[in-house]
Protein chains: 2
Amino acid sequence: MTSDRLTIIEIAKQAGVSRSTVSRVINDDPNVHAATRQRVRSVMQKLNFQPNAAARGLAAGKTRILGLVIPMGVAALFSDPYFPQLIQGISAACNQHDYSTMLWLAEPEYERRTIQQIVSAGMVDGVIIASALTDDAVIEAVRTHKVPFVLIGRHPVYVDITYVDVDNRVSARDAVLHLIRLGYKRVATISGPLNMIGGLDRLAGYKDALKARGIVADPNLIAEGDFSEASGYSTMQQLLPQEPDAIFVASDTMALGAMRALREAGKRIPDDVAIVGYDDMPFAARSDPPLTTVRQPIHRAGFVGAETLMELISEQDAAPRRVILPTELVIRDSCGARVMREKKMRA
Amino acid sequence: MTSDRLTIIEIAKQAGVSRSTVSRVINDDPNVHAATRQRVRSVMQKLNFQPNAAARGLAAGKTRILGLVIPMGVAALFSDPYFPQLIQGISAACNQHDYSTMLWLAEPEYERRTIQQIVSAGMVDGVIIASALTDDAVIEAVRTHKVPFVLIGRHPVYVDITYVDVDNRVSARDAVLHLIRLGYKRVATISGPLNMIGGLDRLAGYKDALKARGIVADPNLIAEGDFSEASGYSTMQQLLPQEPDAIFVASDTMALGAMRALREAGKRIPDDVAIVGYDDMPFAARSDPPLTTVRQPIHRAGFVGAETLMELISEQDAAPRRVILPTELVIRDSCGARVMREKKMRA
DNA sequence: GCTTATAATGGGAGCGTTCCCAATTCTTTC
DNA sequence: GAAAGAATTGGGAACGCTCCCATTATAAGC
């Protein structure tokens, strides 16, 4: 029974070299003769050898694993395709750079243990924190433990943190300006949760737009949702008595809910109430009517976030980075722009 | 600078015991005096000690990490809430049992490397394979390498494999029988991809139902989709000339597409064409009209799958397990059952 | 051709745990 | 109160790799 685990030593033996040389080949050390490298490689290939991850991690102090932490405070996000897209981006970057992804959904009850594990068990070389609340405990923890990390979404307070984000504020402002330009007079908004930076920034953008046009923001036209369809629905109902003629909704999922409420109230979209969403989720193009929305590159954010984290890991004392990804206002039917243009052309 | 990493030895020193005893406490070995255990525990707590994962993994040969492998052949699944729910279930089980989750989205190009890594780098103690194609290479690999694994969804060929699934066939049959009982004469189906066991089984269930009622299946009323909204849409268009009066769609996401096609064709649901979906995704209850569908417990499947895998890991030579989770036909408006009942009551 | 620099290689010493066996300390029993 | 057994504890030897330094082979320079 020679079914011992395959180790670097066996490879060394078969290739006629030492442990060290095999290790060098594995780690792409340039100080190996080309012929030797080739020989070692082919032995590894032949035996289907894969170096033991735990041993490498222990010896080198690096695991080549990135942690993805998703605080589950806002479970709503998990019921739409936001996270799948983000995860795909991260995973693609990991595959490309020979990293793996560890996933932690931080449910509140387990959070303390989880956090400890993340920061001090040495399981991961760094972590990506997605859509954290503004006062997230995980951020605090990785910060004090000096674990490399990047946020998906900027941080409202700390300025020395690396993050990947879109310009929520400016893109929201532009979306609202689009509505104003189309002639709507009472533009309302359903914001995201205001304990998340994205929610906060998009609301600020909404206000910026009004101010830019000299319009005084009416607090009755502003309501807070939680990114879920249900909240879009109920919040829209609550807003209806204020008779808005247009509404900027901080996520497509909520926009769907809002449209459902409008439909039930007998309002036509965009004729009675125009609507603009945010995200450009796959379903936005297929809703009835198709939703005008702000497209943000979620997959790309995950990809870039992971790559940025890898850079942070390899450079010690790397300076914090801020990556802002571009957005795009996708004009479909729900904002009324098309209808109006057609009318104008007919006239 | 005594900023050396905190190890078991420091804990031992401060608690006045040996390495071994600390290790015993960490691993809940009963052979430790209660008082000693207490003392060690409090020192660990005070210093916020977390044993090094790589070292444990190396020494014990166990990582307490489960791998979740999602072959990305069917990317469609990733754009609806199926995976988020599944992942949440798995993650919840892991949290509860002190495991972590490693995530691999197996993109075809990287698959070989990824597979090797999964099976022979010792990163994980076992793997969960979700929605694999029927001839998946990953399954082959974990099988020959004797890595414990469970499938989400049964395997069409191997019978000695542990899996968690719902009874796709029977539940699909019941859904179709429901339509037949309501009096529909030309019941069509949009199946899932036929290289996935779920797609296969649900189609078989459809045929079972027809046969049970002595109806000869009309191949023109059967069309294959790929679980995506777009495929639901185009497949429905293709089916329309056959003039079905009801349709069983193998996923809610496809059902959404089918409804869009029907709407565009001027068909009323359920009056002109009744429709039944599968999954009971969150959006099914809110579609227009609300979708009658087969509810399957996705979150629970993930949870149970993870727990089952943990059992497999701890018992050597465990016998394969087959877990079948219950489904439920959720009757809403799209199948016409309510409308009919109301009509009947009025009469 | 001999010295010196340089490219390749080898081997010892960890990395932080667990596991096993031996040693010690309590208990129990007669 | 001594012997035997059980409960508790300690320490050496892995686990499979990387890292550093020493050594050997090769190339370059005069």
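Side chains are part of it too, since the values below use all heavy atoms of this structure and drop only hydrogens, waters and symmetry mates. Chain identifiers are assigned alphabetically (A, B, ...) following the order of the sequence lines, protein sequences preceding nucleic acid strands; residue numbering begins at 1 within each chain.
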Worksheet item: When A:V138 is tested against each of A:V127, A:I70, A:T114, A:I129 for side-chain contact (heavy atoms from CB on, under 4.5 Å), which residue passes?
Response: A:I129
Fill in: Over all atoms of both residues, closest heavy-atom pair of B:M44 and B:V25
CE-CG1, 4.0 Å
Worksheet item: ring-ring contact (aromatic ring centres under 6.0 Å, His included): which pairs involve residues 117-164 of chain A, sequence neighbours left out?
Response: A:H155-A:Y158
Response to the item:
Between A:L66 and A:C94, the two heavy atoms sitting closest are CD1-SG, 3.7 Å
Worksheet entry | Axis-to-axis angle between the two ends of the helix from C:dG1-D:dC30 to C:dC30-D:dG1 (five base pairs per end, rounded to 10 degrees) | 30°
Worksheet item: Got a sec? Which of residues 32-47 of chain B come in under 4.0 Å of DNA chain D, heavy atoms?
Response: B:V32, B:H33, B:T36
Worksheet item: What does nucleotides 14-19 of chain D look like as a protein-contact string, B for base, S for sugar-phosphate only, - for none, at under 4.0 angstrom between heavy atoms?
Response: -BBBBB
I'd like a table of donor-acceptor pairs (distance under 3.5 Å, sequence neighbours excluded) in which one partner is a side-chain atom from residues 47-55 of chain A, with atom names and distances.
from: A:N48; atom 1: OD1; to: B:Q116; atom 2: NE2; distance (Å): 2.9
from: A:N52; atom 1: OD1; to: A:A54; atom 2: N; distance (Å): 3.0
from: A:N52; atom 1: OD1; to: A:A55; atom 2: N; distance (Å): 2.7

Practice prompt. Check whether any side-chain N or O of A:R322 sits under 3.5 Å from a backbone N or O of A:V159 as a donor-acceptor pair, and report yes or no.
Written response: yes
Fill in: Closest heavy-atom pair and its distance - A:N95, B:L105
ND2-O, 3.5 Å
Discussion item. Going by side-chain contact (heavy atoms from CB on, under 4.5 Å), A:V69 matches just one of A:I139, A:I115, A:L103, A:I118. Which one?
Written reply: A:I118
Response to the item:
At a 4.0 Å cut-off to heavy atoms of chain B, the contacted part of DNA chain C spans C:dG16 to C:dC20
Fill in: CD1 on A:I197 to CG on A:L151, rounded to 0.5 Å
10.0 Å
Worksheet item: Is the backbone N or O of A:R19 less than 3.5 Å from a side-chain atom of A:S23, with the two atoms forming a donor-acceptor pair by type?
Response: no
Fill in: N/O donor-acceptor pair under 3.5 Å between B:R37 side chain and B:R24 backbone
no
Worksheet item: For A:Q45, does the CD atom sit with more than 12 other heavy atoms under 6.0 Å from it, leaving out its own atoms?
Response: no
